[in-house]
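The block underneath contains the structure these notes are about, expressed in structure tokens.
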2 protein chains.
Amino acid sequence: MLLLGMLIAHSRHGYQINEIIEHNLGYLIDIKKSTAYTILDRLSEAGFVSMTTEQEGNRPPRKVYSITPSGERQFYQLLRENLEMLDLQYFEEDIGMMFIDHLSTEDAKEALLHKLQKVDQQIENYKQVPHHEIGVGVNIAVNHHLHLLHAEKEWLKQVIGELSRHNPI
Amino acid sequence: MLLLGMLIAHSRHGYQINEIIEHNLGYLIDIKKSTAYTILDRLSEAGFVSMTTEQEGNRPPRKVYSITPSGERQFYQLLRENLEMLDLQYFEEDIGMMFIDHLSTEDAKEALLHKLQKVDQQIENYKQVPHHEIGVGVNIAVNHHLHLLHAEKEWLKQVIGELSRHNPI
DNA sequence: GACTGATTAGTCAACACCGACTATAATAAA
DNA sequence: TTTATTATAGTCGGTGTTGACTAATCAGTC
């Protein structure tokens with residue numbers, strides 16, 4: 001769906017797509033080069049995108065991917081589904097939380113304080129994501145992350161507070 | 001790490017482990033039966049757990065997994081790392097957000113209202129998770145989810161509000 | 001004149017994970 | 001008495017993802 005979306009506005013070639021993902025959307029999505037190529041192939045087989053080869057000067061040839069009408073329909077379908085969906089998240093970090101009572105209160109607290117620092121740093125990172133980009137929506141997504149990071153921070157502070165109450169210095 | 005943690009308190013056999021994951025931890029983690037068996041094998045090969053076979057009556061034999069001292073060390077190492085770590089999350093849902101301007105305001109709003117309902121429902125679900133379980137930590141993790149779901153709800157309402165402002169009825 | 005880094009394109013083997021399936025024995029329900 | 005369910009154990013092929021690798025051309029730097 002992401003890849004279809006990137007082709008909705010206009011056709012792009014593979015390198016460009018991967019550039020945008022890596023340099024502009026790195027905060028929001030995690031898709032590697034090889035994966036992107038594989039998916040583009042799949043989309044092409046399914047008839048959602050078409051490929052043409054271009055050559056500019058003597059440079060290596062580019063493969064230009066364009067979305068087909070069928071691909072556009074698919075995109076809008078996926079878009080609606082995606083906006084309605086709520087995929088229940090699983091957090092690797094919760095696994096640690098489940099066993100937090102296996103550490104001493106001090107050790108646990110120390111670990112969580114480290115984590116708190118990382119959350120703060122992450123918040124700073126997101127704040128500094130530039131505001132131009134592919135579309136308005138990207139900023140909304142960045143905002144989403146910021147919002148959730150703030151919530152995470154609040155929660156962490158709460159947990160740390162409870163730890164302190166259980167075992168004050 | 002999860003599996004090591006489940007064996008820290010006492011040995012368990014495979015079926016039991018999968019039962020607990022499926023029935024008691026389904027809200028928090030997502031590991032399928034076949035995966036669990038594979039991981040248990042890997043842990044066994046790595047020397048972090050040992051297996052013995054038991055037979056009770058004429059029932060199918062059980063494989064009982066116990067954690068080894070090396071496994072315990074590994075567990076505590078992983079636990080510390082896990083508690084400090086902050087893995088930056090990627091949300092499939094953000095991909096839709098990135099392209100939200102491709103839908104009409106009404107359609108977008110409708111989709112997000114659906115989603116809001118699902119968030120509410122999810123919150124109810126988590127509220128009703130029973131409070132006994134494997135350890136204190138499980139409740140902390142459930143609480144974490146609740147906290148983040150509330151944040152998600154708030155944010156969604158905010159986005160919907162902005163949509164309405166852009167295109168009031 | 002040599003070398004580095006960007007631009008463009010992939011490939012491919014390895015890995016993790018999962019869904020669907022297979023077994024068997026006891027126990028409960030019809 | 002047959003049938004369904006629970007307890008117990010996996011296996012295995014298919015899918016998606018990735019890291020590491022290969023190629024070639026051009027622009028710029030030392």
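We name chains A, B, ... by the order of the sequence lines, and we start the count at 1 in each one. The shown structure was predicted, so the numbers you read here are calculated from the model rather than taken from an experiment.
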Residue-phosphate contact under 4.0 Å: [X] side-chain N/O, [N] OP1/OP2:
X       : N      : answer
A:Tyr15 : C:dT7  : yes
A:Tyr37 : C:dT11 : no
A:Arg62 : C:dG10 : no

Atom-to-atom span, [atom1] of [X] to [atom2] of [N] - whole angstrom:
X       : N      : atom1 : atom2 : value
A:Asn18 : D:dG19 : CG    : C1'   : 14 Å
B:Glu22 : D:dA7  : CD    : P     : 11 Å
A:Arg12 : C:dA9  : CZ    : P     : 13 Å
A:Ile17 : C:dG10 : CD1   : P     : 11 Å
B:Leu40 : D:dA9  : CG    : P     : 10 Å
A:Glu19 : C:dA6  : CD    : C1'   : 9 Å
B:Ile39 : D:dG10 : CD1   : P     : 14 Å
A:Asp41 : C:dT11 : CG    : P     : 7 Å

### Summary
5'-most contact on DNA chain D (nearest-nucleotide basis), B:Gln16 vs A:Asp30, goes to B:Gln16
## Note on the structure
Walking DNA chain D from its 5' end, the first of B:Met51 and A:Ile31 to be reached, judged by nearest nucleotide, is B:Met51
Please output the side-chain donor-acceptor pairs of residues 28-40 of chain B that fall under 3.5 Å, not counting sequence neighbours, one pair per line with the distance.
unit_1  : atom_1 : unit_2  : atom_2 : d
B:Asp30 : OD1    : B:Lys32 : NZ     : 3.2
B:Thr38 : OG1    : B:Ser34 : O      : 2.7

### Query
Atom CZ of A:Phe91 and atom CD of B:Gln89: how far apart are they, to the nearest 0.5 Å?
5.0 Å
### Query
Quick one: which of C:dC18, D:dG10, C:dA9 gets closest to the side chain of B:Tyr65?
D:dG10
### Closest nucleotide among D:dT17, D:dT18, D:dG10 to the B:Lys63 side chain
D:dG10
### Message
Does either side chain, that of B:His144 or that of A:Glu93, offer a donor lying less than 3.5 Å from an acceptor on the other one?
### Response
no
### Query
Under 3.5 Å, side chain of B:Tyr65 to main-chain N/O of B:Leu43, donor-acceptor pair present?
no
### Query
If you measure from the Lys or Arg side-chain nitrogens to the Asp or Glu carboxylate oxygens, is any gap between B:Lys127 and B:Glu124 under 4.0 Å?
yes
Table of protein N/O atoms under 3.5 Å from nucleotides 19-21 of chain C N/O atoms:
unit_1 : atom_1 : unit_2  : atom_2 : d
C:dG19 : N7     : B:Ser34 : OG     : 3.4
C:dG19 : O6     : B:Ser34 : OG     : 2.9

### salt bridge (Lys or Arg N to Asp or Glu O under 4.0 Å) partners for A:Asp41, two or more places apart
none
### Query
What heavy-atom pair brings B:Glu92 and A:Asn82 nearest, and what distance separates the two atoms?
O-ND2, 3.1 Å
